[in-house]
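This report refers to the structure that appears directly beneath it.
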There are 2 protein chains.
Amino acid sequence: MNKPVTIKDIAKKFKCSPSTVSRALNNHPSINEDTRRNLQEYAQKVGYQRNQVSLSLLNKKTATIGVIVPTINNYHESAIIEGIEAVLQPLGFTLNICVTNEQYVLESEYVNKLLSNRVEGIFLSVSQETYDSGHYEHLEQIKKRSIPLIFIDREYEGFATGSVIIDDYHGAFSAVEHLVKMGRKRIAHLKGPNGMAVAEERLRGYVECLKKYDLPVDEHLILNTNFKVESAIEPVTKLMSLPELPDAVFGVNDQVAIGAMKVIRDKGLSIPGDIAVAGFDNSPISAYIYPSLTSVARPGRQIGIEAAKIFADYLQQSSGKEFSTKHIVLPSELIVRESTMGGG
Amino acid sequence: MNKPVTIKDIAKKFKCSPSTVSRALNNHPSINEDTRRNLQEYAQKVGYQRNQVSLSLLNKKTATIGVIVPTINNYHESAIIEGIEAVLQPLGFTLNICVTNEQYVLESEYVNKLLSNRVEGIFLSVSQETYDSGHYEHLEQIKKRSIPLIFIDREYEGFATGSVIIDDYHGAFSAVEHLVKMGRKRIAHLKGPNGMAVAEERLRGYVECLKKYDLPVDEHLILNTNFKVESAIEPVTKLMSLPELPDAVFGVNDQVAIGAMKVIRDKGLSIPGDIAVAGFDNSPISAYIYPSLTSVARPGRQIGIEAAKIFADYLQQSSGKEFSTKHIVLPSELIVRESTMGGG
DNA sequence: CAAAAAATTTCAAACGTTTGCGAATGCTAT
DNA sequence: ATAGCATTCGCAAACGTTTGAAATTTTTTG
């Protein structure tokens with residue numbers, strides 16, 4: 001690694017002080033026009049790049065924000081990150097992205113590392129294990145330092161800070177209601193992991209909708225998955241061997257819905273003829289697979305944008321105020337496609 | 001933002017010097033057992049967190065590496081990032097992820113920012129616009145500073161540095177060869193953007209395979225896409241209106257293959273009965289859609305791992321050596337599924 | 001008890017940059 | 001000639017931490 005050229009190096013070369021060089025490069029008015037031009041030209045020539053690290057130390061500002069997510073391996077998460085980038089990149093911020101893989105220890109370690117790196121804000125989508133463990137000391141650390149913390153997608157409700165989530169409850173409700181209105185009476189649900197807010201909310205939407213239409217809530221029709229396509233295979237296979245088959249399946253996301261579709265087809269049943277299927281996420285391919293998948297649209301990019309805006313607004317006022325505890329709930333919209341069309 | 005407690009603060013409290021505090025917290029042997037314990041307990045109590053920024057300045061090491069990718073919005077890219085994380089996170093490195101959205105200006109800006117932030121290495125997947133423009137000054141900057149640069153997935157061939165890519169040529173070749181052996185004679189190709197190495201290599205594999213089997217290379221059967229599922233719709237629609245239909249379609253990735261499948265189905269044609277379809281990426285859902293999609297597996301995570309290993313090895317030796325120019329080409333493997341099975 | 005040895009602590013410099021304040025220089029007006 | 005002013009530049013401190021060497025204190029030894 002070649003030593004980067006510093007302001008001191010330039011100063012030595014020109015037999016002037018570092019202050020002069022610094023001022024010249026920053027177009028400070030009290031610098032002679034000639035010396036300014038000379039210094040700037042030389043700096044350009046030798047490829048001088050200001051050392052942001054030293055500046056960060058001096059100004060106590062790093063222009064860096066941390067983003068902690070359970071995974072980036074699917075459309076929704078990466079859309080969120082893109083949204084954050086879209087807002088914060090023009091403001092000069094750099095994103096420090098950490099993937100917890102749903103592990104509490106990693107989440108905790110990352111929080112420490114980010115605080116140690118003096119990030120100016122943290123966007124966090126709480127990991128599965130953290131929900132399970134109920135440990136939130138790492139979040140207290142963030143609060144203690146009063147660094148802006150914004151929950152994205154998955155929040156910890158006992159914590160007063162900003163958050164941007166979507167309306168999982170109504171999204172799920174509308175999907176199930178649609179199935180009911182299409183004449184479905186035995187609607188199964190492939191739910192997400194226990195304790196996770198998004199999963200629980202969707203389950204609640206499912207249950208409440210069934211109740212509203214006086215349909216029984218059958219425990220045998222509610223099965224666990226972990227959001228991944230593979231995790232749907234075994235539970236749906238079990239579902240398909242019940243004495244009385246369901247006539248619809250509502251998946252906690254598109255992945256498990258697609259997994260369900262495969263099992264159903266392999267059983268020789270038709271979609272939506274025998275069994276209707278609906279998902280959640282409206283991932284790009286959902287419109288293109290066969291049959292195209294009815295799904296609840298989840299504006300990932302918008303989540304990222306709104307979250308970043310909360311942060312940007314906070315910076316703007318910068319009057320030493322407390323950080324916002326604004327909760328934004330974005331609407332989710334049902335997109336009806338072939339997989340649920342036509343009578344049951 | 002609360003001022004973080006510093007070593008000086010602690011020193012003042014204990015009426016000792018900062019050096020003592022520093023040594024105590026780092027378990028330096030020449031510190032009295034009692035004072036060490038006291039200081040550590042106090043530091044713990046007040047939530048002291050060492051300021052990495054100042055350390056970075058002092059040691060000229062940031063333990064940060066930059067990752068510049070055109071997009072993170074699909075399975076392959078995010079798999080690469082996960083691979084890099086998997087290797088570098090345990091080594092204490094932080095990832096600085098930048099999304100160029102295929103734009104040259106952003107790529108260039110990001111390089112500058114990363115250099116300014118004194119990252120210790122840069123992983124780069126060259127953007128589309130950069131290929132088009134042929135501008136590589138920003139890469140020269142990296143070289144000048146002799147910061148390890150590793151191309152992932154998309155390389156700039158005129159540049160002597162490490163790279164990890166997959167064998168796009170043979171991957172495409174094997175997919176087309178498979179189609180030929182299944183009796184297909186008019187095989188269309190949905191290619192990627194011009195000038196992009198991965199796209200060109202796959203096109204080359206397609207062309208060379210046709211030549212090997214004495215099949216004509218028909219310009220009308222080679223159509224442009226931009227990797228996205230939507231971008232396949234119009235070209236394939238055009239394809240379906242040719243006087244003589246193709247009997248197979250090979251997509252530059254799974255997305256466009258899935259787009260093609262939709263158009264073909266909408267035309268009332270069967271897959272693979274009338275037209276076989278193959279893709280590239282082996283994305284997770286390819287096994288679960290209907291019909292399941294034949295695809296060339298592309299080990300994204302492995303790319304990330306190998307790239308990170310090149311970097312880690314370089315650190316290891318650290319003998320001021322030149323950075324590796326090792327080129328790793330990972331094999332790609334054809335996964336045959338329903339969409340190409342059975343005679344044409 | 002004095003001197004030597006060991007243990008513990010402090011000093012000072014360094015990393016690269018910015019910035020308020022004072023100093024030096026040149027110029028103008030009296 | 002000289003006071004006054006404007007222009008241009010340098011000094012020194014600061015950000016938080018580490019570390020070799022020096023200084024101090026404590027312990028050991030003869």
Side-chain angles (χ1 to χ4, degrees), chain A residues 1-40 42-43 46-64 92 113 115-120 145, chain B residues 1-40 42-43 46-64 92 113 115-120 145:
Chain A
M1 209 133 31
N2 277 346
K3 288 182 210 335
V5 36
T6 76
I7 267 191
K8 287 184 185 176
D9 298 334
I10 301 180
K12 214 172 290 175
K13 196 89 180 176
F14 276 71
K15 292 190 173 51
C16 68
S17 76
S19 344
T20 305
V21 181
S22 170
R23 290 196 173 97
L25 298 184
N26 291 326
N27 290 318
H28 192 282
S30 79
I31 291 289
N32 183 282
E33 181 62 24
D34 284 345
T35 54
R36 201 192 55 144
R37 195 162 22 78
N38 284 335
L39 285 171
Q40 286 192 354
Y42 181 77
V46 297
Y48 169 78
Q49 275 160 326
R50 68 138 57 74
N51 185 333
Q52 265 301 338
V53 178
S54 74
L55 251 192
S56 295
L57 178 60
L58 187 63
N59 298 334
K60 295 161 180 279
K61 286 195 181 164
T62 54
T64 302
K113 184 185 271 189
L115 289 178
S116 199
N117 284 341
R118 300 297 190 254
V119 296
E120 297 186 39
R145 283 271 308 281
Chain B
M1 206 137 27
N2 278 346
K3 288 182 207 334
V5 38
T6 76
I7 266 190
K8 287 184 184 175
D9 298 335
I10 301 180
K12 213 171 291 175
K13 196 87 178 179
F14 276 71
K15 293 188 174 50
C16 68
S17 76
S19 345
T20 307
V21 180
S22 171
R23 290 201 169 93
L25 298 184
N26 291 326
N27 289 318
H28 193 282
S30 79
I31 291 290
N32 183 282
E33 180 62 24
D34 284 345
T35 54
R36 201 192 54 142
R37 194 160 24 75
N38 285 336
L39 284 171
Q40 286 193 352
Y42 181 78
V46 297
Y48 169 78
Q49 274 161 327
R50 68 135 57 77
N51 185 333
Q52 266 300 339
V53 178
S54 74
L55 252 191
S56 295
L57 179 60
L58 186 64
N59 298 333
K60 295 161 179 281
K61 288 195 180 167
T62 54
T64 302
K113 185 186 270 190
L115 290 178
S116 200
N117 284 341
R118 300 297 190 256
V119 296
E120 298 186 38
R145 283 270 310 280

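Throughout, protein chains are lettered first and strands after them, A, B, ... in sequence-line order, and every chain is numbered starting at 1. Atoms considered below: every heavy atom in the structure, side chains included; atoms not considered: hydrogens, waters and symmetry mates.
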* Asked: Between B:N59 (CG) and C:dG16 (C1'), how many Å, whole number?
  -> 14 Å

* Between atom NZ in A:K3 and atom P in C:dC15, what is the gap in whole Å? -> 11 Å

* **Residues forming a salt bridge (Lys or Arg N to Asp or Glu O under 4.0 Å) with B:R36, sequence neighbours excluded** => B:E33

* Counting only side-chain N and O atoms of B:K61, is one of them less than 4.0 Å from OP1 or OP2 of C:dC15? -> no

* Asked: Can you check the A:N51 CG to C:dT18 P distance for me, whole Å?
  -> 10 Å

* Asked: Reckon B:S22 has a side-chain N or O less than 4.0 Å from the OP1 or OP2 of D:dT17?
  -> no

* Asked: Rounded to whole angstroms, how far apart are CD1 on A:I10 and C1' on C:dT18?
  -> 15 Å

* To do: Indicate for each nucleotide in nucleotides 6-14 of chain C, in 5' to 3' sequence, whether protein heavy atoms under 4.0 Å reach the base (B), only the sugar-phosphate (S), or nothing (-).
  => --BBBBB-B

* **Nearest-angstrom distance from the residue atom CG of A:N117 to P of D:dT17** => 13 Å

* **For B:T64, all residues meeting side-chain hydrogen bond (donor to acceptor under 3.5 Å, both in side chains), sequence neighbours excluded** => none

* Structure fact -> Contacts of B:T62 meeting side-chain hydrogen bond (donor to acceptor under 3.5 Å, both in side chains) (sequence neighbours excluded), chain-then-number -> none

* Asked: Shortest non-hydrogen contact from B:R118 to A:R50?
  -> NH1-O, 3.9 Å

* Going through the checks in order, is the side chain to side chain contact (heavy atoms under 4.5 Å, CB included) test met by B:N26 and B:I31? -> CA-CA 10 Å; B:N26 291 326; B:I31 291 290; over 6 Å; no

* What heavy-atom pair brings B:L39 and B:V21 nearest, and what distance separates the two atoms? -> CD1-CA, 4.0 Å

* What does A:F14 touch in the nucleic acid at a heavy-atom separation under 4.0 angstrom: a base, only the sugar-phosphate, or nothing? -> nothing

* To do: Return the value, rounded to whole Å, for the distance between atom CG of B:L55 and atom P of D:dC15.
  => 17 Å

* To do: Check whether the side chains of B:S22 and B:S19 place a donor and an acceptor atom closer than 3.5 Å, and report yes or no.
  => no

* Structure fact -> note: A:D9, atom CG; C:dG16, atom C1'; distance rounded to Å ~ 10 Å

* Distance check: side-chain N/O of B:N26 vs OP1/OP2 of D:dT18, anything under 4.0 Å? -> yes

* D:dT8 phosphate, OP1 or OP2: any side-chain N/O from A:R36 under 4.0 angstrom? -> no

* To do: Could you pull out all residues at least two apart from B:D9 that satisfy side-chain hydrogen bond (donor to acceptor under 3.5 Å, both in side chains)?
  => B:T6

* In whole Å, what is the span from the CZ atom of A:R118 to the C1' atom of D:dC15? -> 11 Å

* **End-to-end axis angle, where each axis spans five pairs of the helix from C:dC1-D:dG30 to C:dT30-D:dA1, to 10°** => 70°

* **Heavy-atom closest pair, residues A:S17 and A:A11** => C-CB, 3.8 Å

